[in-house]
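Some notes on the structure that comes next.
This one's a predicted model, so the numbers in the text were calculated from it and none came from an experiment. Quick note: numbers below take in every heavy atom, side chains included, and nothing from hydrogens, waters or symmetry partners.
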Amino acid sequence: MKIDFNDIDSMTLPGMNNGTGMMSARMYNDASYRIIPTSIHPGGSIGSHKQESGDDMNYVISGTGKAFCDGVEEELRPGVMHICPKGSEHAIVNTGEEDLVMLTIVVKK
């Protein structure tokens, strides 16, 4: 299966899951996967939410941030992957002065 994200329109989302600021994303979504190249802009966050559809894996490409999963804080930087298991609650915050760029993959269970 090939997914060409160049053919998927970019969306700009304000305050995702009651977070702050803005993020941009291109989303592929089917019955098995949700795959999202994402940029959380400076000052932005994805608000705390329960992960219902499957394990949420966020691989950091550039930028810095923090993830909070079930009360545990994790530092995010390039090369780090934050995994929030299905049923857990998490949030992600851009703590830097540049975009926090991630590839998010949710394998639906």
Practice item. Spell out, as yes or no, whether a donor-acceptor pair under 3.5 Å connects the side chain of Asn94 to the backbone of Ile40. Key: yes

Check your understanding: Between Ser45 and Gly21, is there a donor-acceptor pair closer than 3.5 Å when you use the side chain of the first and the backbone of the second?
Key -> no

Exercise for review: Treating Ile, Leu, Val, Met, Phe, Trp and Tyr as nodes and any side-chain heavy-atom pair under 4.5 angstrom as an edge, say whether Ile3 and Ile105 lie in one connected cluster.
Suggested key: yes

Between atom [atom1] of [X] and atom [atom2] of [Y], what is the distance when rounded to the nearest 0.5 Å?
| X | Y | atom1 | atom2 | answer |
| --- | --- | --- | --- | --- |
| Arg34 | Met57 | CZ | CE | 12.0 Å |
| Leu103 | Ile61 | CG | CD1 | 5.5 Å |
| Leu13 | Ser39 | CG | OG | 11.5 Å |
| Met102 | Ser62 | CE | OG | 10.5 Å |
| Asn58 | Ile46 | CG | CD1 | 6.5 Å |
| Ser48 | Asn17 | OG | CG | 8.5 Å |

Revision key, fill the gap. Closest non-hydrogen atoms of Pro78 and Gly63, given as atom of the first, atom of the second and distance, are CD-O, 3.3 Å

Point to revise | Modelled atom types, side-chain donor and acceptor of His49 and Glu89, under 3.5 Å | key: no

Check: residues 22-29 side-chain donor-acceptor pairs under 3.5 Å, at least two apart:
unit_1, atom_1, unit_2, atom_2, d
Ser24, OG, His41, NE2, 2.8
Arg26, NH1, Ile8, O, 2.5
Tyr28, OH, Asp30, OD2, 2.7
Asn29, OD1, Lys108, NZ, 2.6

Would you say the side chain of [Y] lies within less than 4.5 Å of the side chain of [X], judging by non-hydrogen atoms?
| X | Y | answer |
| --- | --- | --- |
| Lys86 | Ser53 | no |
| Phe5 | Ile35 | yes |
| Leu76 | Val60 | yes |
| Glu75 | Lys66 | yes |
| Val93 | Phe68 | yes |
| Pro42 | Asp99 | yes |

Exercise for review: Mind running side chain to side chain contact (heavy atoms under 4.5 Å, CB included) on Val72 and Asp70 for me, showing each step along the way?
Suggested key: CA-CA 6 Å; Val72 177; Asp70 293 334; 5.6 Å; no

Practice item. List the steps and the verdict of side chain to side chain contact (heavy atoms under 4.5 Å, CB included) for Ile92 and Leu100. Key: CA-CA 10 Å; Ile92 298 175; Leu100 175 58; 3.9 Å; yes

Exercise for review: Answer yes or no: does atom CD of Glu97 have more than 12 heavy-atom neighbours from other residues, nucleotides or ligands under 6.0 Å?
Suggested key: no

Point to revise | Residues Ser88, Lys50; criterion side chain to side chain contact (heavy atoms under 4.5 Å, CB included); working and verdict | key: CA-CA 6 Å; Ser88 293; Lys50 188 171 184 178; over 6 Å; no

Check your understanding: side chain to side chain contact (heavy atoms under 4.5 Å, CB included) between Val106 and Gln51: does it pass, once the steps are laid out?
Key -> CA-CA 9 Å; Val106 178; Gln51 196 57 39; 4.1 Å; yes

